[in-house]
Amino acid sequence: MSAMVRSVLGIDVGGSSIKGGLVDIDAGLLQGELASVATPRPAAPEPVMQAVANLASTMSLTQSAGVAFPSVVQGGKARTAAHIDPSWIDIDGAALATRKLGRRAVFLNDADAAGLAEMRWGAGRGLTGVVIMLTFGTGIGTALFSDGKLFPNTELGHLELNGIDAEEWAAARIRTQLGLGWPAWIERVNVYLKKMQTLFWPDAFILGGAVSERFEEFAPHLHSSAQIRPAHFAGQAGVIGAALAAAS
Ligand code: BGC
């Protein structure tokens, strides 16, 4: 039966680690465990993509691959570099990934990838109206959907809050760096959600990133007039969404 499974390689490049796995793109399921390696330092194009290729070489070959990346991606090119080496700017990540992986590769923003997975198979399944997916990690990633359709590259983690980038104040990294407990961190998240609410009036927020695995613990402190749902795939959403993007 397993010969019938259509799998695509999904990779999620993060500020601290690179994760990858084979995804059954009919069921939206990760096949086996996620593999992960530390993001090389400096996180420049060649070493990062070499690490991606090394990770991929431990898995069975698929026809195509999707690479989710923490920057604005236009026409396959990285356009920003908030938590990745600045030498990425204007690099054609799709072409580089295709060359290093030896197969067709799609390159897209990491939060957009996570949002695609959640809207298709996860917390956003069947949701209409305006949905904002948020990924809390090294930065804050966002993906905006209107009636299920993605408006790509929204960089709402860089909205200004208290005179600084929202992600410098409310990302999961900041919680760890400052040793904030759930109530103190969620107070910050609430301020951030309120700012988004006044600007975009979403019907629902999907809260993602590895931290969403602890949703039950911090949910009582969350407040928003929009519905708030925990991401179904938590820290795996980027990998699954990258594979989905490569399959379509
Ligand atoms: C980047 C986004 C990315 C997010 C999450 C931000 O710093 O600007 O492109 O989606 O981090 O990784």
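Note that the coordinates shown come from a computational prediction; the quantities given were computed from them, not determined experimentally. Every number for a ligand or one of its atoms is a count from 1 in the order of the listing.
Relative to the ring axis of W182, R175 places its NZ or CZ within 45° and under 6.0 Å from the centre.
Protein heavy atom in closest approach to atom 9 (O) of ligand 1: E155 OE2, 2.6 Å. The nearest heavy-atom contact from the protein to atom 11 (O) of ligand 1 is E167 OE1, 3.7 Å. Counting protein heavy atoms only, atom 3 (C) of ligand 1 is closest to D110 OD1, 3.3 Å.
Counting atoms of ligand 1 from 1 in the listed order, those under 4.0 Å from a heavy atom of A82 are 7 (O), 8 (O). For ligand 1, the atoms sitting less than 4.0 Å from at least one non-hydrogen atom of H83 are 7 (O), numbered in the order shown with element in parentheses. Of all the atoms in ligand 1, the ones that sit under 4.0 Å from a non-hydrogen atom of G141 are 4 (C), 5 (C), 10 (O). Numbered from 1 in the order shown, with element, the atoms of ligand 1 that lie under 4.0 Å from a heavy atom of H158 read 1 (C), 6 (C), 7 (O), 8 (O).
In N109, the part holding a heavy atom less than 4.0 Å from any atom of ligand 1 is the side chain.
A salt bridge links K100 with E46: at least one charged nitrogen is closer than 4.0 Å to a carboxylate oxygen. Salt bridge R79/D90: present, at least one basic N to carboxylate O contact under 4.0 Å.
Judged by the shortest distance from any of its heavy atoms, I140 lies inside the 4.0 Å radius around the atoms of ligand 1. For T80, the heavy-atom gap to ligand 1 stays at 4.0 angstrom or more. The closest approach between any non-hydrogen atom of S71 and ligand 1 is below 4.0 Å.
Between the side chains of H158 and D165, at least one donor-acceptor pair of N or O atoms lies under 3.5 Å. With hydrogens and angles left out, the side-chain atoms of T154 and T142 include a donor and acceptor closer than 3.5 Å. S225 and Q197 form a side-chain donor-acceptor contact under 3.5 Å, judged by distance and modelled atom types alone.
Between T142 and ligand 1, no N or O atom pair is found at a separation short of 3.5 Å.
The closest donor-acceptor contact from the side chain of S64 to the backbone of A105 lies at 3.5 Å or more, if one exists at all.
Residues Y192 and W169 keep their aromatic ring centres 6.0 Å or farther apart.
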